[in-house]
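Below is one structure, written out as structure tokens; the observations come after it.
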Amino acid sequence: MTREKVLMKGNEAFAEAAIRGGAQFYFGYPITPQNEIPEYMSRELPRRGGAFLQAESELAAINMAYGAAAAGGSVFISSSSPGIALMQEGLSFLCSAELPVVLLNVSRGGPGIGGIQPGQADYFQATRGGGNGDYRIIVFAPASIQEAVGLIYEAIPLADTWQNPVAIFADGILGQMMEPVVLPEPRPFTPYDEIAERKPWALTGYGKDPARRRFIKSLRLQPEELEAHVEKLFEKYARAEKELCRYETADLEDAEIVFVAFGTVSRLTREAMEILEGRGIKAGLIRPISLWPFPYKAFDEIGKRAKVVISAELSMGQMIDDVRIGVGRRLPIRLIHRTGGMVPSSLEIADRAEAILRGL
Amino acid sequence: MGNPPLVPDNKRILVMTGHYGSGKTEVAVSLALRLAAEEHRPYKRLALVDLDIINPYFRSREKRALLEDAGIPVYGSVYDTEITAELPALSATVRAPLEDKDCRVIIDAGGNDSGARVLNQFKQYLVAKDIAVLAVVNFNRYETRTTPQARAHLEAIEAETGLVIEGVINNTHLLRETAVEDICRGYALAQKLCHEMGKRLFFTTYPAPVFSPHELHISGNLLPLGLHMRASWLDR
């Protein structure tokens, strides 16, 4: 394929990026605002040598992913907030079993069945998890369709490297909006007879040689054995914290107001920063790209003129907990938020930020 | 310029179809505002009917206030103000402008053959002599980059609805990254598509915030798009 720019709807581009990244299997159940993904996968994967299966529920989809990943398949799955909630048990199992899956959340407003308009109120769900036990999911939050394409494409091999689920947290706007994108070169799917070599842990059959039998399990009834297993997982997570932190900053050096925002809200915030500049107020931005591991070190770049750090979120304030860890007691921390599917205008963000600054 | 009107006077009902994401809604909204502003108005009234029941975001009824300020009532969902409700339910009032012989109607159908399926329940109003079915085509969309791909979409819509697409609207763009070459390439491909399928190229659109019309050396009709459906921060 050429490197030409094409106009794509977010969901189409996410699906295409997953296939080009090497994801051969997709399991899913429809939910708005990401239905274009299963529609695209159902049409494209079979004709390109992959497999699409519509599950009877999200619970089934995540467990199909568990099975396919255990057999060495490259799996991409997607859903939206309430559907991701149903998958939490499976994610805990996948982490325990150290299996790679890439999971996309095109998130919407909650709690419960919520609504279909965009939201970021799954931050806790994504970064703290809703499954049981000690585990971590690697989470990336793109702010554009192009960035999402790159992150999904990269996440397919990254999940293999880390033998862990990797989540992409996009909100409904990113799924539904259109943007010009350049698509990456397709990676070939792993040939079936190369899986045993590339993924020596995978269940590929042992023929007549019992010595080649392998087990993938999360049940460990001996507490000593379970503790040792969890400690080993956390050595891996400690390495991930060192290697996978990603963020972007803008105009931090002389900023009075430091915004922290991810995904769609970071784009609104950039426009708000221009409005504030027009009013003589300098504002900067920390945009976390990895939500776990969270880029706490980004807060070291905050300049001496800073008076307040504002977490801007489409939730009642969830990322703000990580902002508090990052900032400590150095500066006051405030929240600008909308929730339930509402999205603030850039003017609203600018006005509220100015009022916060004046009211300090 | 001597160009004929954007749409023929005798075609009271204009049905906008096309691949999803081809820009039907933006074109429908811009066309409605343009027709409302023209001095020559062959019909007493003008209305927009939003039949897009498959898209959850960015629907023409979201631009209701803009259109109504221009004297264009918008008909569509049962849930007038609840523009975000995800219920494929259309209001019975949709039939009012379709039955009103003095009202020109622009119908914004949903994308693809599946989105256009909703037209079938309004068959009694879609009489060949009164309607022009138009296909909006963007040759920069990933799945309609070539004339065979675009043709397959148009044929699928015709097969699903039983309606004959009369004309094509060249809506080739890359949002604010659109270059003159994009529009001209789209124009050439649209002419080829029309030639191969026996259709007429109705007009070519261009993003008005990006170009002025004389930058485009295109002989056919042009419609400026206001990028009404595009919030400015989406291009940050």
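Numbered from 1 within each chain, the chains take letters A, B, ... in sequence-line order. Only heavy atoms go into these numbers, but all of them, side chains included; no hydrogens, no water, no symmetry mates.
Note on A/G341, A/P118, A/A13, A/S346: by heavy-atom pairs under 4.5 Å with chain B, the leading option is A/P118. In terms of heavy-atom pairs under 4.5 angstrom with chain B, the leader among A/G175, A/G115, A/G172 is A/G172.
Atom CD of B/E68 sits in a crowded spot, with more than 12 heavy atoms from other residues, nucleotides or ligands closer than 6.0 Å. Surrounding OH of A/Y247 are more than 12 heavy atoms belonging to other residues, nucleotides or ligands, all under 6.0 Å away.
Counting heavy atoms from C-beta outward, A/E12 and B/Y20 have side chains that approach closer than 4.5 Å. Looking at heavy atoms from C-beta onward, B/Y142 lies in side-chain contact with A/L183 at the 4.5 angstrom threshold.
By a heavy-atom distance cut of under 4.5 Å, B/H173, B/L174, B/L175, B/E177 are the residues of residues 164-178 of chain B near chain A, going up by number.
Residues satisfying the side-chain contact (heavy atoms from CB on, under 4.5 Å) test with A/M342, not counting sequence neighbours, are A/R338. Every residue meeting the side-chain contact (heavy atoms from CB on, under 4.5 Å) condition with B/A28, not counting sequence neighbours, appears here in chain and number order: B/M16, B/L48, B/I106, B/D108. Listed by chain and number, the residues in a salt bridge (charged side-chain N to carboxylate O under 4.0 Å, His left out) with A/R43 are B/E143 (sequence neighbours excluded).
For a residue to count as touching a neighbouring chain, one of its non-hydrogen atoms must lie under 4.5 Å from one of that chain's; by this rule A/T264 touches chain B with backbone and side chain alike.
Annotation: the span from A/M178 atom CE to B/N138 atom CG amounts to 6.5 Å, rounded to 0.5 Å.
Across every non-hydrogen atom of A/E4 and B/R145, the tightest pair is OE2-NH1, 3.1 Å.
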